[in-house]
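All heavy atoms count here, side chains included; hydrogens, waters and symmetry mates do not.
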Amino acid sequence: CALRSLILSISSQAEPKLPSSLGEKLSMLLENLQQKRCLIVLDGIENLLSEKQFAGTYREDCKNYQKLFKMIGETVHKSCCILNSWEAPQELMILAGKNSPVRLFPLKGLGVAAKEILKESKLSDESEWNNLINTYQGNPLFLKITVNTIQEVFDGRLGEFLKYEQPYLSEELKIVLDQQWQHLPELEQTIIACISREYEPVSLNKLLVDSQLNYQQLFKIIQSLKRRFLIESNEKNQPFRPAKIPRRTQPQQFCFRVSR
């Protein structure tokens with residue numbers, strides 16, 4: 001149905017006759033992408049991916065999308081396709097590269113632009129706005145939810161709110177985080193728990209000891225968690241630490257640009 005809508009929206013013909021087979025539909029779409037320059041933007045790609053599986057694994061009923069994205073990424077054409085997702089589809093991780101037409105862009109927070117959210121909400125203590133923005137990493141969803149809490153509990157007095165331990169997790173934020181936590185397979189939850197118990201970044205060797213997993217299992221889990229942006233590492237001995245809580249929501253999407 002989605003492929004049909006896509007073909008109809010970019011076709012040069014007023015009412016093109018659509019073939020019945022998937023392969024023929026993909027060929028028809030590619031022909032249109034080759035004939036003219038099109039911009040395709042698809043959001044929420046994470047909804048096509050499986051729960052409790054390695055990051056980027058497609059649901060059984062959505063595997064045709066894998067063929068679609070792979071075809072667009074591998075074939076020469078004039079168009080551009082932008083995909084937004086909380087985690088990276090596996091075939092695009094293989095195709096993406098610095099010198100490849102398939103590029104991966106981790107989206108960051110709003111930065112100072114997030115002040116518009118606080119300005120619109122008429123929060124007091126403007127000198128503390130940057131503190132709040134940095135705490136929630138410019139994440140518009142987390143900021144909007146937190147601003148509601150500040151308005152309801154502190155009548156918009158940001159300074160009073162910041163006197164308490166941060167980040168504060170309201171019920172709305174807990175629901176978002178719990179949905180994402182439940183999406184993870186059990187072993188990934190175990191490694192996140194191991195890392196989160198430590199005050200300092202955790203080395204790979206320590207994770208091997210603490211988790212009692214073999215290195216093949218742990219390497220796969222680390223790779224999956226990093227593709228979900230749930231853990232971070234630096235360049236010195238690759239110690240791992242959990243990404244700050246707000247980083248796992250919408251601004252931390254992947255953006256894939258596929259163009260030829």
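Heavy atoms of other residues, nucleotides or ligands lying less than 6.0 angstrom from CD of Q182 number more than 12. Within a 6.0 Å radius of CD in E186, other residues, nucleotides and ligands contribute 12 heavy atoms or fewer. For K25, the NZ atom is densely surrounded, since the number of other residues' heavy atoms within 6.0 Å is greater than 12. The neighbour count for K52 NZ, taken as heavy atoms of other residues, nucleotides or ligands under 6.0 Å away, is above 12.
Remark: side-chain polar atoms of K67 are not paired, donor with acceptor, to backbone N or O of G23 under 3.5 angstrom. A donor-acceptor contact shorter than 3.5 Å links the side chain of E46 to the backbone of W86.
For the residue pair S21 / E24, a side-chain donor-acceptor distance below 3.5 Å is found, with atom types taken as modelled. Between the side chains of Q35 and H77, not a single donor N or O lies within less than 3.5 Å of an accepting N or O. Using modelled atom types, one finds no donor on one side chain facing an acceptor on the other under 3.5 Å when comparing E87 with S85. A donor atom on one side chain and an acceptor atom on the other are not found under 3.5 Å apart for E91 and Y65.
Note on I175: it does not cluster hydrophobically with V147, by side-chain heavy-atom contacts below 4.5 Å among ILVMFWY residues. Note on W129 and V153: same hydrophobic cluster, where clusters join Ile, Leu, Val, Met, Phe, Trp and Tyr whose side-chain heavy atoms are under 4.5 Å apart, directly or indirectly. Linking ILVMFWY residues whenever their side-chain heavy atoms come closer than 4.5 Å, directly or via other members, places F219 and L207 in the same cluster. L30 and L6 fall within the same hydrophobic cluster, defined by Ile, Leu, Val, Met, Phe, Trp and Tyr side-chain heavy atoms under 4.5 Å apart, directly or through other members. Linking Ile, Leu, Val, Met, Phe, Trp and Tyr residues whenever their side-chain heavy atoms come within less than 4.5 Å leaves I221 and F54 in two separate clusters.
Q90 pairs with exactly one of L95, L49, T57 by the side chain to side chain contact (heavy atoms under 4.5 Å, CB included) rule, that one being T57.
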Stepwise salt bridge (charged side-chain N to carboxylate O under 4.0 Å, His left out) check, D210 with K206: CA-CA 6 Å; D210 291 350; K206 182 170 175 53; 3.1 Å; yes
Stepwise side-chain contact (heavy atoms from CB on, under 4.5 Å) check, L110 with I117: CA-CA 10 Å; L110 296 178; I117 297 174; 4.1 Å; yes
Working for salt bridge (charged side-chain N to carboxylate O under 4.0 Å, His left out), residues R228 and E188: CA-CA 11 Å; R228 304 183 202 273; E188 289 186 29; 2.9 Å; yes
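Between L184 and L230, the closest side-chain pair of non-hydrogen atoms falls below 4.5 Å. The shortest distance between side-chain heavy atoms of Y136 and P167 falls below 4.5 Å. When side chains are defined from C-beta on, T190 does not count as touching L213, because their heavy atoms never get closer than 4.5 Å.
Here the shortest heavy-atom pairing between S224 and A55 reads OG-N, 2.9 Å.
Here CD1 of I150 is found 4.5 Å from CZ of F161. Values are rounded to the nearest 0.5 Å.
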